[in-house]
Amino acid sequence: MVRKEGRRWGATVVARLRWGGQLRAARKDVATHRAKAEADADPRYRLALALSQCTLGELLAKVDRPAEGLPHVEEAVDLCRPLADTELARHRDALAMCLGTLGELLTVLVRPAAAQAAKDEATALEREPADIVAFYRELADADPDRRRPALAAALHYEASWLKQHDRPDEAQPLAEEAIALRRGLAQADPNPLRRVALARSLCLLGEVLGQLGRPADGLPFIEEAVALRRDLAEADADPRRGIALALCLRALSRLLLQLDRPAETLPFAREAVRLWRRVAESEAGDRRYRAGVAVSLHTLGELLAKLDRPAEALPSAEEAVDLHRACVGLLGRHRLVGALRTLGDVLAALDRQAEAQEARDEATALEGETAPENP
C-alpha cells in the first residue's frame with residue numbers, strides 16, 4: 001500500500017512539474033507578445049497576444065484553475081473581436097477558437113447561459129457566409145450598440161465571397177448595407193479601425209460595380225476609400241500602413257482603365273510603386289513586400305506601354321521581370337509569364353526585336369511548363 005501511494009505521489013509530482021513548465025512558457029509568451037502589441041499597432045501582434053492568452057487560459061483550466069484562466073481567455077476574445085469586426089475573412093478562425101475555449105471554461109465554472117452564447121457564436125463563425133450574416137443580424141436586432149460592428153463585418157464578408165464567385169448583383173446590396181453601418185460606426189467612434197473597415201467596404205462596392213459594368217458608379221466609392229486610406233497612412237509613420245492605400249490605388253486604376261482613362265491612372269500607378277518600395281526597404285527580410293513591388297512595377301510598365309511611352313516603360317518592365325523571377329514562389333509562374341510578355345511588347349516597340357523575341361520565347365516556354373497535361 002505504501003509503495004502504491006508512493007507511485008501515485010510521484011506521478012502527481014511529475015505531472016505538476018510538466019504543467020508547471022508549460023505554464024511558465026505560456027506566461028512568457030504572453031509577456032513577449034504583450035510587449036510587441038503595446039509597441040506596435042500592427043494587428044498581427046494583437047492577434048499573437050490573443051492566441052497566447054487563449055493558450056494560457058486553456059492550460060490553467062487543465063490544472064483545475066479555470067477561474068484563473070477565464071480572464072486570459074476573455075481578453076483573447078476582446079482582442080480578436082475588433083480585428084474580426086474589421087476583417088472577418090482573416091480573423092474569424094481565431095475568434096471562433098477563442099470563443100470555443102471561452103465556452104468550455106464558462107461551462108466548467110457553471111455559467112451555462114454565457115457558455116452557450118460563446119459556443120453558439122463560435123459555431124456560427126464556422127458556417128457559410130449567409131449563415132454568419134443571419135446569426136449576427138439576429139444579435140444586432142436584440143443589441144444593436146454591441147453587435148452592429150459584427151453584423152457589418154459579416155455583410156462585408158458575404159459580399160466579398162459573392163464577388164469572388166462572380167455574383168456581383170447579389171453582392172451589391174450587402175456591400176451597401178455594410179457601408180451604411182460602418183459609416184455610422186466611424187462617425188460615432190474615433191477608433192481608426194472603424195475607418196479602416198469603412199474603407200474596405202467602400203473599395204469592395206466600387207469593385208463590385210466595376211464587375212457589373214458600371215465603373216462610373218463605382219468610382220466615387222473607391223475615391224472615398226483612397227482618401228480614407230491616405231489619411232490613415234499619413235497619420236501613421238509605419239510604411240506598412242501604405243500597403244492598404246496601394247491596394248486601393250490599384251482598384252482605382254482598374255476602374256479608370258475600364259473607363260478608358262489611362263492618362264489619369266498613371267500618377268496612381270506611380271504612387272503605388274513608391275508605397276510598395278517604402279515597405280520593401282523598411283522590411284528587407286520579407287519577400288512578400290518585394291512581390292508587391294513586382295506587381296506594381298508590372299502594372300506601371302503595362303500602363304506606360306499602353307500610353308505609347310515604351311522608353312519610360314522599359315525600366316519598370318525590366319525590374320518587374322527581375323523581381324518576378326526572385327518571387328516566383330510567392331507570385332507563381334503565370335505572373336512571371338505576364339511580366340515577360342509586357343517586357344517583350346515594350347522591347348518590340350523600341351525596335352529591339354531580338355531581345356523582344358527572347359522574352360516572348362521564355363514566356364511561351366514557361367506557359368508550356370505550367371500548362372496541364374492532356375489526358
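Numbers here are sequence positions counted from 1. What's counted below: heavy atoms across the whole structure, side chains too, no hydrogens, waters or symmetry copies.
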- [ ] Identify whether the distance between the nearest side-chain nitrogen and carboxylate oxygen of E271 and R274 falls below 4.0 Å.
- [x] no

- [ ] Locate the shortest heavy-atom distance separating L331 from A294; write the atom from each residue and the value.
- [x] CD1-CB, 4.0 Å

Task: Polar side-chain atom of R46 near backbone of A41 as donor-acceptor pair, under 3.5 Å - done: yes

Open item on the list: Between L49 and E75, is the side-chain contact (heavy atoms from CB on, under 4.5 Å) condition met? List the steps.
Closed with: CA-CA 9 Å; L49 174 58; E75 184 181 354; 4.2 Å; yes

Open item on the list: With no hydrogens and no angle check, just 3.5 Å: does a side-chain donor-acceptor pair link Q357 and Q353?
Closed with: no

Open item on the list: With clusters defined by side-chain heavy atoms of hydrophobic residues (ILVMFWY) lying less than 4.5 Å apart, directly or transitively, does L245 cluster with V196?
Closed with: no

TODO: Determine, using the 4.5 Å side-chain heavy-atom cutoff (strictly less than), whether Y136 and L162 are members of one ILVMFWY cluster.
DONE: yes

TODO: Please assess E281 against R290 for the test salt bridge (charged side-chain N to carboxylate O under 4.0 Å, His left out), listing each intermediate value before the final yes or no.
DONE: CA-CA 9 Å; E281 289 166 1; R290 279 191 291 158; over 6 Å; no

- [ ] Supply the atom-to-atom distance H156 NE2 to L202 CG, rounded to the nearest 0.5 angstrom.
- [x] 10.0 Å

Open item on the list: Assess, by modelled atom type and distance only, whether the side chains of Y157 and E87 contain a donor and an acceptor separated by less than 3.5 Å.
Closed with: no

TODO: Identify whether L204 and L212 are in the same connected component of the hydrophobic contact network (ILVMFWY, side-chain heavy atoms under 4.5 Å).
DONE: yes

- [ ] Give a yes or no on whether L174 and L198 share a hydrophobic cluster (residues Ile, Leu, Val, Met, Phe, Trp, Tyr; joining criterion: side-chain heavy atoms under 4.5 Å apart).
- [x] no

Task: CE on M97 to SG on C54, rounded to 0.5 Å - done: 4.0 Å

Task: Closest non-hydrogen atom pair between A305 and A313, with its separation - done: N-CB, 4.0 Å

Open item on the list: So for atom CD, which belongs to E358, do other residues, nucleotides or ligands contribute more than 12 heavy atoms lying within a distance under 6.0 Å?
Closed with: no

TODO: Say whether, by atom type as modelled, one donor and one acceptor occur between the side chain of R287 and the main chain of A326 under 3.5 angstrom.
DONE: yes

Open item on the list: Using side-chain heavy atoms (C-beta onward) and a distance below 4.5 Å, is H324 in contact with L330?
Closed with: no

Open item on the list: Do the side chains of D231 and R195 get close enough for a salt bridge, i.e. N-O under 4.0 angstrom?
Closed with: no

Open item on the list: Tell me if the NZ atom of K306 is crowded by more than 12 foreign heavy atoms within 6.0 Å.
Closed with: no

Task: Where A251 and E207 come nearest, the two heavy atoms and their spacing - done: CB-OE2, 3.7 Å

Open item on the list: Are there over 12 heavy-atom neighbours, none belonging to R90, within less than 6.0 Å of that residue's CZ?
Closed with: no

Task: Validation row: R230, V226 side chains within 4.5 angstrom (heavy atoms) - done: yes

TODO: Decide yes or no on side-chain contact (heavy atoms from CB on, under 4.5 Å) for L47 and L79, but give the supporting numbers first.
DONE: CA-CA 7 Å; L47 179 62; L79 285 163; over 6 Å; no

Open item on the list: Is it true that H33 and S52 share a donor-acceptor pair across their side chains at a distance under 3.5 Å?
Closed with: no

Task: Under 4.5 Å side-chain linkage, directly or through intermediates, the cluster mates of L247 - done: I243, L257, L266, V273, W276, V279, Y289, V293, L297, L300, L303, L304, L307, L323

Open item on the list: Given V321, which partner from the list E318, R325, E319 fulfils the side-chain contact (heavy atoms from CB on, under 4.5 Å) test?
Closed with: R325

Open item on the list: I want to check something: taking the side chain as every heavy atom from C-beta on, are R183 and E224 in contact at a cut-off of under 4.5 Å?
Closed with: yes

- [ ] For residues L125 and L88, determine if any side-chain heavy atom of one lies less than 4.5 Å from a side-chain heavy atom of the other.
- [x] yes

Task: Separation of D169 CG from R167 CZ (nearest 0.5 Å) - done: 8.5 Å

Task: pair L314-L343: side-chain heavy atoms closer than 4.5 Å - done: yes

- [ ] Taking only Lys NZ, Arg NE, NH1 and NH2, and the carboxylate oxygens of Asp or Glu, determine whether D141 and R148 approach each other closer than 4.0 Å.
- [x] no

Open item on the list: Could you check whether R34 pairs with D29 (Lys NZ or Arg NE/NH1/NH2 to Asp/Glu carboxylate O, under 4.0 Å)?
Closed with: no

Task: Rounded distance (nearest 0.5 Å) linking atom CZ of R27 with atom CG of L60 - done: 5.5 Å

Open item on the list: I need the L350 CG to E355 CD distance, nearest 0.5 Å.
Closed with: 9.5 Å

Open item on the list: Before you tell me yes or no, could you show the steps for R229 and R200 under side-chain contact (heavy atoms from CB on, under 4.5 Å), namely the whole-Å CA-CA distance, both residues' side-chain angles and the distance that decides it to 0.1 Å?
Closed with: CA-CA 9 Å; R229 288 292 193 184; R200 285 176 53 78; 3.2 Å; yes

Task: L70 and L109, any side-chain heavy atoms less than 4.5 Å apart - done: yes

Task: Working for salt bridge (charged side-chain N to carboxylate O under 4.0 Å, His left out), residues R360 and D345 - done: CA-CA 9 Å; R360 289 166 175 166; D345 292 342; 3.2 Å; yes

TODO: Can you see which heavy atom on A225 is nearest to which on C203, and at what distance?
DONE: CB-N, 3.8 Å

- [ ] Please report the shortest heavy-atom distance between F221 and G206, naming the atom on each side.
- [x] CB-N, 4.2 Å

Task: Between R182 and Q187, a side-chain donor and acceptor under 3.5 Å - done: no

Open item on the list: Tell me the closest heavy-atom pair linking A76 and C98, and the distance in Å.
Closed with: CB-SG, 3.8 Å

Open item on the list: Can you confirm whether L252 sits close enough to L219 that some side-chain heavy atom of one is under 4.5 Å from a side-chain heavy atom of the other?
Closed with: yes

- [ ] Kindly indicate, with the supporting measurements, whether the criterion side-chain contact (heavy atoms from CB on, under 4.5 Å) is fulfilled by L275 and L249.
- [x] CA-CA 10 Å; L275 289 165; L249 289 169; 3.8 Å; yes

Open item on the list: Evaluate E176 against Q172 for side-chain hydrogen bond (donor to acceptor under 3.5 Å, both in side chains), listing each step before the verdict.
Closed with: CA-CA 6 Å; E176 289 172 338; Q172 182 186 342; 3.0 Å; yes

Open item on the list: Can you tell whether the side chains of D361 and R341 come within less than 4.0 Å, N to carboxylate O?
Closed with: no

Task: Atom pair CG (D85) and CZ (R194), whose distance is rounded to the nearest 0.5 Å - done: 6.0 Å

Task: K163 bridged to E170 by N-O distance under 4.0 Å - done: no

TODO: Check whether L151 and L205 end up in the same hydrophobic cluster, where Ile, Leu, Val, Met, Phe, Trp and Tyr are linked by side-chain heavy atoms less than 4.5 Å apart.
DONE: no

- [ ] Could you check if a side-chain atom of R92 sits within less than 4.5 angstrom of a side-chain atom of I132, using non-hydrogen atoms only?
- [x] yes

